[in-house]
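Order of appearance sets the numbers: ligands from 1, and atoms from 1 within every ligand.
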Amino acid sequence: MTRRFELDELIRSDNFIDGRWTPASHGARFAVTDPATGNTIAQVADSSEADARAATDAAARAFPGWRDTLPKERAAILRRWHDLIVANQETLGALISLEQGKPLAEGRGEVAYGASYVAWFAEEATRIYGDIIPQQQRGKRMMAVKEPIGIVAAITPWNFPLAMIARKIAPALATGCTVVAKPAEDTPLTASALVMLAHEAGVPAGVLNLITASREHAVATVADWLHDARVRKITFTGSTAVGKYLARESAETLKKLSLELGGNAPFIVFDDADLDAAVTGLLASKFRNGGQTCVCPNRVYVQAGVYERFAALLGERVAALKVAPATDPDAQIGPMINTRAVDKIARHVDDALTHGARIVTGGKRLTELGPHYYAPTVLADAKPNMLLNAEETFGPVVPLFRFESEAEAVAAANNTSFGLASYFYSENAKRIDRVSQALEAGIVGINEGAVASEAAPFGGVKDSGYGREGSRYGLDDYLSIKYLCQGNLA
Ligand code: NAP
């Protein structure tokens, strides 16, 4: 029977290195707080370079043994890990909501989403094929085989504290890599719980190591991995600025990098769109996690013929969204992660209003609920000179830009350094073909707002990074190709 844990059993406050829970070497700790109340949930290990080094040492010792396990043995462990995650869905979902603030239903949904990657890569582990290259010379046999790249450092953000780390650890373990990981300061508890379940599932000591660190100590701690030649790969999800820093700083040891970075997703509604479907799709993609997702639409372009009708329909649905703490079963939007986040949203809205935007609904902090709440907002008459056009707002704000022609919409959508997700709604088959090809993005939602799936390649272009997570391509980032040339056979 797959074991179920109570919440207090899942809350871990130490690092997990070489199969043991150990405090940070200097004994330091930092507080993890509930974003709804500001109350402290736990005091967790505040690591230093020495802890990062100890994690790498453990991962290096464990690598040869793990690399040599049979793929089906690794698959069986991943499958058990998946089953444990699913069996503990309620408790893990509650833990996500507690430290990150998303409504309970979304917390549970994130657990299922994260677990789906573990199941997927459990299956993919047994399908890492190479090639026998057609013979080019007599007496010579040429083959390409795939090998695990080595130690992988995984660094993850706070917005999906379970899914982001699961979809890095699962492919790494599936390929035979060992892992050192650091979750975000705001949400280390879910990651620790996940690692505890991996250990319970039979991941051997040293194969998966996790250290936690405060924002203050994250830079020096992670730098140890960036400069350590034994760490062969960095897989990072987070902001573009930090992704570029990691690439620069690790260049001396020429690591393979996967960078899942920020977005500034356009969402285009053409005159010929099914407007109800477009409103529903926009609500689903924009307001998940209170708008704190990398793929959520940041700029909504609506063609002039349907602009006012779309704004009215959307405004009505957005005004009805329930904002409440995660613990309220009817909550649809929870608190933002921290003060910095809610301040940025307020700054973007204030700037838009100064530059002529019009509030359709929302447009204010909800201080009566707590310090980190912001009302779901729709702003009409958005213009390119507004801050929210250039930067990710990362909150529940929809700016509506008006456009006349398809060419104008595509040019505006692509007029950004980012290229993660994009969306458009149209019922015209030729336009669908043209616009899907013209959008500069790693992901295009066509008449669809919910695009993420473990079976699909997730990732961006331009300043949104490189590498793909999930799908049959998702293992490639953790493998290197070795060419074997055998001669003297004739
Ligand atoms: P972030 O500030 O870049 O942080 C991400 C991770 O990097 C955290 O663990 C953070 O630790 C760590 N970190 C920050 N500065 C560092 C440094 N100088 N050296 C080493 N580690 C460092 O991003 P965030 O605010 O947590 O997440 C939001 C961003 O992630 C948004 O831009 C969003 O679009 C992006 N995102 C992208 C995807 C995708 O798949 N493309 C998915 C989700 C989110 P601390 O927490 O201690 O600062």
Would [X] count as a contact residue for ligand 1, given that I'm defining contact as a non-hydrogen atom of the residue lying under 4.0 Å from a ligand atom?
{"X": "E391", "value": "no"}
{"X": "F458", "value": "yes"}
{"X": "G465", "value": "no"}

[atom] [closest protein heavy-atom partner, distance rounded to 0.1 Å]:
{"atom": "atom 8 (C) of ligand 1", "result": "T156 O, 3.2 Å"}
{"atom": "atom 34 (O) of ligand 1", "result": "E392 OE2, 2.5 Å"}
{"atom": "atom 16 (C) of ligand 1", "result": "V242 CG1, 3.6 Å"}
{"atom": "atom 12 (C) of ligand 1", "result": "I155 CG2, 3.9 Å"}

Residue pairs fulfilling side-chain hydrogen bond (donor to acceptor under 3.5 Å, both in side chains) with at least one residue in residues 410-424, sequence neighbours excluded: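 Sorted pair list: S417-D463.
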Ring geometry between Y301 and F403 (parallel below 30°, tilted from 30 to 60°, perpendicular above 60°):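 The arrangement is perpendicular - the two ring planes meet at more than 60°.
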Within residues 452-478 or reaching into it, pairs that qualify as ring pair (Phe, Tyr, Trp, His ring centres under 6.0 Å) - sequence neighbours excluded: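 Applying ring pair (Phe, Tyr, Trp, His ring centres under 6.0 Å) to every pair that reaches into residues 452-478, excluding sequence neighbours, yields nothing.
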Distance-only N or O hit between ligand 1 and S239, under 3.5 Å: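 Yes: some nitrogen or oxygen of S239 is under 3.5 Å from one in ligand 1.
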With [atom] as the reference point, say which of [options] has the nearest heavy atom.
{"atom": "atom 19 (N) of ligand 1", "options": "Y245, F30, F236", "answer": "Y245"}
{"atom": "atom 41 (N) of ligand 1", "options": "T240, L259, L261", "answer": "L261"}
{"atom": "atom 29 (C) of ligand 1", "options": "A220, C294, P157, G238", "answer": "G238"}
{"atom": "atom 11 (O) of ligand 1", "options": "E260, K182, R215, E185", "answer": "K182"}

Atoms of ligand 1, numbered as shown, that sit under 4.0 Å from any heavy atom of W158: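 In order of number, 24 (P), 25 (O), 26 (O), 27 (O).
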Contact bool for atom 4 (O) of ligand 1 (protein heavy atom, d < 4.0 Å):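 No.
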Distance-only donor-acceptor check, side chains S258 and K233, under 3.5 Å: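 There is such a pair (donor and acceptor under 3.5 Å, judged by atom type) between the side chains of S258 and K233.
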No-hydrogen, no-angle side-chain donor-acceptor test under 3.5 Å, H217 and E49: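 On atom types as modelled, these side chains do not qualify, holding no pair under 3.5 Å.
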